[in-house]
Amino acid sequence: MGINSVAVVADLGESFGNYTIGDDEALLGLVTASNIACGFHAGDPRVMDKTVADCVERGIELGAHPGYPDLVGFGRRLIEASEEEIRTDVLYQLGALDAFARVHGGTITHVAPHGRMGSIAQTDAKHARAITDAIAAYNTDYVVICQRGLLAEESRKRGLEVGYVFLADRGYGDDGMPVPRSHEKGLIHDPELIGERSVQVVQEGTVRSVDGNVVPLGHDADVLLLHGDHPTVLQNGIALRAALEKADVRVAGLRDVLKEKAEVALAR
């Protein structure tokens, strides 16, 4: 299904003050793109500054990872907010990360809404409208990383390009969507399995669900995501890259993957 290339992204910059989350330095050698926390669900100005600088130095695409103002819950709790609050919170975070990108000579490529904000936007029109209104008002060149659903639809209505993501370390249901983290198979802890699933998604467009069924995702996988706070994220990343290499899947930046995808579509 689709082209035999994919971007690899990890959530980065999610440490805060004296608290360290993930191993960003090691992950930088495994990814082609980054989702950088913008200070609301995680991250702080010092962490953002260093993360952006490190990504620019290594040629890794910069992505904004806006979320709810929820440091305690890591942005994974539903926050009751108005459409205007969601829109302005996302806009605020885009501007914050863009400041560091400009200072370090980089450019933001994409936006990947974080946690509960991002997941609910697949089915909730208020969230989908607010997030995409903010992105479109700020920069229509930004790609929106998401799964199928309302967020993708609202993005396209506003002329925003969509990059479909597969959550490589999460279990999926028979509906082709991730199951809740609370599910006993919600998180995958076998790095080799993560690699195998990722190759299957890129080459066949299907995933084996938590119930053992092979189900279609309903879209290409443009980008494979590793969660930076996963306990075995480094091992997951190593196994993922090894599996892609063995299967001759080309790993590239998101912009390159989407460009190749568009060229293939035009040639058909």
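Index from 1, following the sequence.
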Residues Asp70, Arg77: salt bridge by 4.0 Å N-O rule: yes

Salt-bridge contact Arg255-Glu61 (side-chain N to carboxylate O under 4.0 Å): no

Exercise: do Asp49 and His104 side chains pair donor with acceptor under 3.5 Å: yes

Side-chain touch Met48/Leu97, heavy atoms, less than 4.5 angstrom: yes

Ionic contact status for Glu153 with Lys157, cut-off 4.0 Å: no

His110 and Tyr142 aromatic centres sub-6.0 Å: no

Listed partners of Asp222 passing salt bridge (Lys or Arg N to Asp or Glu O under 4.0 Å), at least two apart: Lys261

Selection residues 5-31 - residue pairs positive for salt bridge (charged side-chain N to carboxylate O under 4.0 Å, His left out), sequence neighbours left out: Glu25-Arg58

Pairing of Glu161 and Arg156 as salt bridge, 4.0 angstrom limit: no

Geometric class of the Tyr92/Phe40 ring pair [parallel <30°, tilted 30-60°, perpendicular >60°]: tilted

Whether His219 and Tyr164 hold their rings parallel, tilted or perpendicular, with breakpoints at 30° and 60°: parallel

Close side-chain approach of Val9 and Val31, heavy atoms under 4.5 Å: no

Heavy-atom neighbours of Glu245 CD exceed 12 at 6.0 Å: no

